[in-house]
Amino acid sequence: MRISVIGCGHLGIPHAAAMAELGHEVIGVDVDQAKVDSLNSGQCPIYETGLPELLARHTASGRLRFTTDIREAAAFADMHFIGVGTPIDADGRSYDTGQVYGAVRQLAPHLDRACTIVGKSTVTVGTTVQVTALAQRLAPAGERVDVVWNPEFLREGRAVEDTLRPDRLIAGLTTVEAEKAIRAVYAPILDAGVPLFVTDPQTAELAKGAANTFLGLKISYINAVADMCDAAGGDISQIVDILGIDPRIGSGGMRPGIGYGGGCLPKDVRAFTASARQLGADKAAALLRAAEEINESRTDVAMDLIRGALGDRRVKHAKITVWGAAFKPGTNDVRESPALALAQALQQAGATVTVHDPQAVATAMTRNPELDYTDDLPASVDGADLVVLATEWPEYQQADPGELAGRAASLLLVDCRTILDPESWRTAGWTVHQLGRPGK
């Protein structure tokens, strides 16, 4: 099938490359000529595990190309995926869907034959109905233009894997023709046994917000229990194991730490909270807002642990290394990164802060140029009074605590989400402090 992907960012680039991997002919559309030129040369402007290789392979094969001309995409493709950004609006609570409507306004006047527009962006419930009316009004093909909402459930760092081998697909649609088109484009995935939920558009729109918000609630809940462990002297790691073995609960996403971040989860929880309020579901809105407040407090919780770890030394004038700038491993995305928020708070408290990250130093420097950075892991801890492990990159798991012990003071603050083994660090002479495990 010939498809277009409009919007080439953290969503659009992996989707375009994955669609080419499935055998489709793909054209990506973006307004940034420099980005388009880079993509056409096989160079990826974002980091996602496996994406650079996939992009290079399919731009070289000719199956994937990029353009700034939306008319070219309209003439080329029979299915148009909308993958533009929907950042949080100026009110701080709802989605700014301006780019979605802008993309449809630019595309629709050039649609002169039957085709399908497929929304991937996360939007407020009711958007599909409005987009359908707009597209059919502007398109010469009129009602032969179908609109489907097909929300993505990508985990950054695993976007390629989650596109090619998702755990489920959702299609919010209203016509038989639209369902046939969706089944055709995803045929290799459906043939592999991935379930497809065909729903009305409203259900599809709500499903994405509900999924991300539930994860936010789960993370916030276990962080709240971690605070209770700090107060009572309990062990949050054991509580996670005890809860996680319950099949009704499960341990996925239930790792306490310094909070969730990224370009999706924070805004989706905010927007879903706003939707609950707008729909008159006030108790649901109150519950969701409580989860937000817990997440927002995690920087303060980490700061308290750092002050306790430093003992008589003050944060002011302390030399502190933060391992991790990306909000999670496997990506160079630093949007709403808890690690960077903590690094910034430490600097504002008077500490000298050095940040290390295997992939996100360049993007972090753009967002927080006031901090010091290095991509040399051993050098990052030289002379440090405290090392804070804030993003669970495997590079930190593989680090040699014995080799690093001579470079820094023997203090390590561990975010309990991480995969690092605290005992091996203690054996090497480090003093390890963990969120939710006081005095361990």
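The structure displayed is predicted, hence computed values, not measured ones.
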Does atom [atom1] ([X]) have a neighbourhood of more than 12 heavy atoms from anything else shown, all under 6.0 Å?
X    : atom1 : answer
E143 : CD    : no
Y221 : OH    : no
F214 : CZ    : no
M303 : CE    : yes

Check whether any side-chain N or O of [X] sits under 3.5 Å from a backbone N or O of [Y] as a donor-acceptor pair, and report yes or no.
X    : Y    : result
T363 : N332 : yes
W149 : S121 : yes
S251 : G244 : no
D357 : G324 : no
S38  : Q43  : yes
D385 : K319 : yes
T127 : V123 : no
D30  : G7   : no

If I take atom [atom1] from residue [X] and atom [atom2] from residue [Y], how far apart are they, to the nearest 0.5 angstrom?
X    : Y    : atom1 : atom2 : answer
L169 : N150 : CG    : CG    : 6.5 Å
Q130 : Y101 : CD    : OH    : 3.5 Å
S41  : L55  : OG    : CG    : 8.0 Å
D146 : I117 : CG    : CD1   : 9.5 Å
D162 : L154 : CG    : CG    : 6.0 Å
R407 : D382 : CZ    : CG    : 4.5 Å

Walk me through it: do W323 and T391 pass the test side chain to side chain donor-acceptor pair (under 3.5 Å)?
CA-CA 7 Å; W323 278 352; T391 307; over 6 Å; no
Walk me through whether Q359 and T331 qualify under side chain to side chain donor-acceptor pair (under 3.5 Å).
CA-CA 7 Å; Q359 293 291 339; T331 178; over 6 Å; no
Give the C-alpha distance, both sets of side-chain angles, the deciding distance and a yes or no for side chain to side chain contact (heavy atoms under 4.5 Å, CB included) between I306 and L342.
CA-CA 10 Å; I306 289 169; L342 179 57; 4.1 Å; yes
Please test C44 against I13 for side chain to side chain contact (heavy atoms under 4.5 Å, CB included), starting from the C-alpha separation and ending with a verdict.
CA-CA 8 Å; C44 193; I13 299 173; 4.3 Å; yes
Can a donor-acceptor pair be found between the side chains of [X] and [Y] at a distance below 3.5 Å?
X    : Y    : result
N368 : E370 : yes
K267 : T122 : no
T86  : Q99  : no

Taking the six-membered ring of F153 (Phe, Tyr or Trp), confirm whether the NZ or CZ of R168 is under 6.0 Å from its centre and within 45° of its axis.
yes
With R65 as the cation and F76 as the aromatic partner, state whether NZ or CZ is under 6.0 Å from the six-membered ring centre and within 45° of the axis.
yes
Would you call the rings of W393 and Y47 parallel, tilted or perpendicular, taking 30° and 60° as the class edges?
tilted
Residue pairs passing the ring pair (Phe, Tyr, Trp, His ring centres under 6.0 Å) test where at least one lies in residues 1-25, sequence neighbours excluded
H15-F81
Side-chain contact test, heavy atoms from C-beta onward, threshold under 4.5 Å: evaluate it for R155 versus K328 and give yes or no.
yes
Could I get the full list of salt bridge (Lys or Arg N to Asp or Glu O under 4.0 Å) partners for D372, not counting sequence neighbours?
none
Any residue meeting salt bridge (Lys or Arg N to Asp or Glu O under 4.0 Å) with D69, in chain and number order, not counting sequence neighbours
R71
Given side chain to side chain donor-acceptor pair (under 3.5 Å), test T175 with K180 step by step and report yes or no.
CA-CA 9 Å; T175 70; K180 289 179 179 177; over 6 Å; no
With side chain to side chain donor-acceptor pair (under 3.5 Å) as the criterion, how do T203 and D200 come out once you've worked through the C-alpha distance, each side chain's angles and the decisive distance to 0.1 Å?
CA-CA 6 Å; T203 301; D200 55 71; 2.9 Å; yes
